[in-house]
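Beneath this line is the structure, given in structure tokens, with notes to follow.
On a predicted model such as this, the values are computed, not experimentally measured, just so you know. Order of the sequence lines fixes the chain letters, A, B, ..., with proteins taken first and strands second; residue numbering starts at 1 for each chain.
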Amino acid sequence: MNLNTVSVAASASESSIFQRFIWNFADTFVVMRRNLYAYQRQPELVVFATIQPVIFLLLFTYVFGGAISFSTGGDYINFLLPGIIIQTILFASANTTVGLTVDLSRGIIDRFRSLPMSRAAVLAGRTSADTLRGLFTVLIMIVAGYIIGFRFEDWGSGLLGLALAVAFGYAVTWISATIGLFVKDPEAAQVAGFIWLFPLTFASSIFVPTRTMTADWLRTFAENQPVSVVANTVRDLMTGTVNPDEIIISLLWIAGIVAIFLPMAVWRYARVASR
Amino acid sequence: MTAKHSIIAENVVKHFGDIKALDGVSIAGETGKVLGLLGPNGAGKTTLVRILTTLLKPDSGAVSVGGIDVLRRKQQVREIIGLAGQNTAIDEILTGRENLEMVSRLYHIPRPAAKRRAQELLKQFALTDAADRPAKTYSGGMRRRLDLAASIVARPSILFLDEPTTGLDPRTRIIMWDTIRELVSDGATLLLTTQYLEEADVLADQIVVIDQGRVIAEGTADELKANMAADFIDITVANPQETDKASQLLRSLSDKSPQTNEQRGHISLAVESGAQSIAEVVRLLDAESVQIAELNLRRPSLNDVFLSITGEEIVEEEAKPKRRFGRRRSA
């Protein structure tokens with residue numbers, strides 16, 4: 001019973017770095033498809049997640065729209081819809097927190113971990129599936145927006161704005177994933193997944209122009225935090241203004257969030273699941 | 001794999017907070033054989049399996065599977081092992097077929113081959129009829145079979161089954177045994193944990209008994225039994241109130257004090273030679289007019305082995321209802 005007596009057999013395959021790189025994507029795709037099946041087969045999840053933002057859209061337009069439009073100038077719907085798209089995408093990312101903790105509490109995660117698959121794929125499959133789901137909801141909201149009077153100023157820049165919003169959503173799902181991996185408990189995740197989103201969503205330019213905020217410190221925060229930066233950029237793009245500086249800053253935020261939270265989530269996943 | 005031992009753990013220690021789950025466990029599973037890890041709930045069986053299958057890091061000790069260092073080359077180990085854990089590791093929303101295809105794909109088996117393999121396994125595990133139904137509609141036995149099928153998708157040379165039949169009804173358990181025996185006849189090395197003595201006896205070539213994180217005995221089922229008294233005499237007295245009296249009377253027949261159950265009037269006596277002692281039992285009890293309701297002579301069971309080592313019986317627990325959420329591990 002000595003390790004030295006056993007020949008250290010050549011492994012089944014000493015795979016190349018390139019191959020591993022490709023497998024990251026292949027594995028992510030397999031896991032993403034599994035998560036999308038879950039949404040497809042429990043349509044009630046998606047239906048309610050879609051109805052909620054549409055209700056927000058209607059409420060804000062018709063209840064607050066009259067009051068707020070004094071400060072926005074022009075049609076509030078054109079101000080609101082791009083913002084509420086960002087809000088929808090932020091809230092949708094809470095699914096990532098909940099979904100991951102549910103996975104962690106089930107046996108399936110042990111199966112994944114005992115397979116020779118990419119370590120990041122379980123997480124990346126989840127974040128990409130949730131991003132696609134977010135995109136689906138946003139498309140429905142644009143349709144609803146068109147019904148009540150929203151118009152893209154220019155389809156090209158409008159779609160660019162949509163792409164930027166989805167990219168931001170993808171970055172945020174990595175924050176949500178990291179939170180889920182720290183919380184671990186599915187019920188706690190229901191709360192923890194949302195709670196940090198409220199200040200970021202409301203102390204931002206999503207619903208109202210930041211210059212109307214009364215406290216200086218709040219206004220300073222709201223003007224500079226990433227949600228406002230991205231929301232402003234998306235709003236400009238959707239209303240026909242292309243401002244390259246703004247786009248670059250938004251992209252830097254997106255890249256920065258991914259660069260910090262993706263490795264953190266992968267690191268945390270390895271620790272959490274090996275307990 | 002020509003090495004003699006495919007599964008090796010040396011002096012493995014693992015704590016969860018203050019709890020010592022494994023307290024220096026060493027095992028060696030022979031290539032192509034079935035190693036049975038026998039012990040009660042909480043003995044550390046699952047912890048050891050999780051360490052051997054790369055899911056958990058030990059505090060200290062050395063572990064190798066198929067000659068590969070588990071601690072340093074996890075990914076390589078994962079390519080040659082299969083694991084069917086205690087909690088069935090299947091996706092409830094996917095169908096049986098999709099579950100198998102997904103696992104195949106994650107082993108990087110090309111799609112057409114993955115489809116063929118899934119079909120093959122569904123047939124082998126009698127799941128063809130249910131293949132395209134979501135796994136959440138499956139019965140407990142079907143889930144276990146699907147889980148087992150998923151664990152052998154890539155034809156692993158080393159297979160770990162953690163309590164594969166816990167919670168199954170007896171009929172399903174016997175079907176599982178047949179399936180497991182077939183797997184092993186193809187030459188795979190198997191490590192099987194169980195709290196069922198009968199199961200270790202039926203399936204395992206080699207048995208390691210573990211309790212409270214320590215190996216307390218090992219050998220073949222026969223070797224373990226041979227270390228014990230040759231025979232057992234089980235006596236049931238007609239009046240349970242006389243259990244104590246009867247056990248006092250019989251004390252002279254055995255080196256070990258008899259095991260008794262006063263509610264039922266059971267006495268279990270370990271003796272050198274059953275045939276000689278049985279007459280003596282009758283004579284002694286009859287002289288004091290203690291009535292015997294039942295008298296049996298038998299070979300020692302693994303339960304007796306366990307009892308003689310630990311002084312405690314193995315409690316065969318009934319399956320608890322499965323908790324879906326909040327499976328928290330200590331620490």
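Taking 4.5 Å as the limit, every side-chain heavy atom of A/Arg33 sits out of range of all side-chain heavy atoms of B/Leu94.
The environment of CD1 in A/Ile195 is sparse: at most 12 heavy-atom neighbours from other residues, nucleotides or ligands sit within 6.0 Å. When the shell of 6.0 Å around CG of B/Asp18 is examined, it contains 12 or fewer heavy atoms from other residues, nucleotides or ligands. Residue A/Phe194 qualifies as enclosed at atom CZ: its count of foreign heavy atoms under 6.0 Å is above 12.
Between B/His108 atom NE2 and A/Gln19 atom CD the span is 8.5 Å, to the nearest 0.5 Å. B/Arg78 contributes atom CZ, which lies 10.0 Å from atom CE of A/Met117 (distance to the nearest 0.5 angstrom). For the atom pair B/Met102 CE and A/Asp27 CG, the distance stands at 11.0 Å (nearest 0.5 Å). Annotation: the span from A/Ser114 atom OG to B/Leu52 atom CG amounts to 13.0 Å, rounded to 0.5 Å. A/Leu115 contributes atom CG, which lies 9.5 Å from atom OG1 of B/Thr54 (distance to the nearest 0.5 angstrom). The distance from the OH atom of A/Tyr37 to the CD1 atom of B/Ile93 is 12.5 Å, given to the nearest 0.5 Å.
For chain B, no part of A/Ala26 is nearby; none of its heavy atoms comes within less than 4.5 Å. Neither the backbone nor the side chain of B/Ala154 comes within contact range of chain A, judged by heavy atoms closer than 4.5 Å. If you measure heavy-atom distances from B/Ser104 to chain A, you find no contacts under 4.5 Å at all. Interface remark: B/Glu101 contributes no atoms to any contact with chain A (heavy atom separation under 4.5 Å).
Across B/Asp91, B/Val153, B/Ile90, the residue that shares the most heavy-atom pairs under 4.5 angstrom with chain A is B/Asp91. Between chain A and the options B/Ser151, B/Pro134, B/Ala84, heavy-atom pairs under 4.5 Å are most frequent for B/Ser151.
With respect to B/Arg50 and A/Asp110, a salt bridge is recorded, a charged nitrogen being found less than 4.0 Å from a carboxylate O.
Considering all non-hydrogen atoms of both residues, B/Val103 and A/Arg111 come closest at CG2-CD, 4.0 Å. The two atoms that bring B/Glu79 and A/Pro116 nearest to each other are CG-CB, 3.4 Å, heavy atoms only.
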Walk me through whether A/Arg34 and B/Glu92 qualify under salt bridge (Lys or Arg N to Asp or Glu O under 4.0 Å). CA-CA 11 Å; A/Arg34 168 217 172 214; B/Glu92 303 265 307; over 6 Å; no
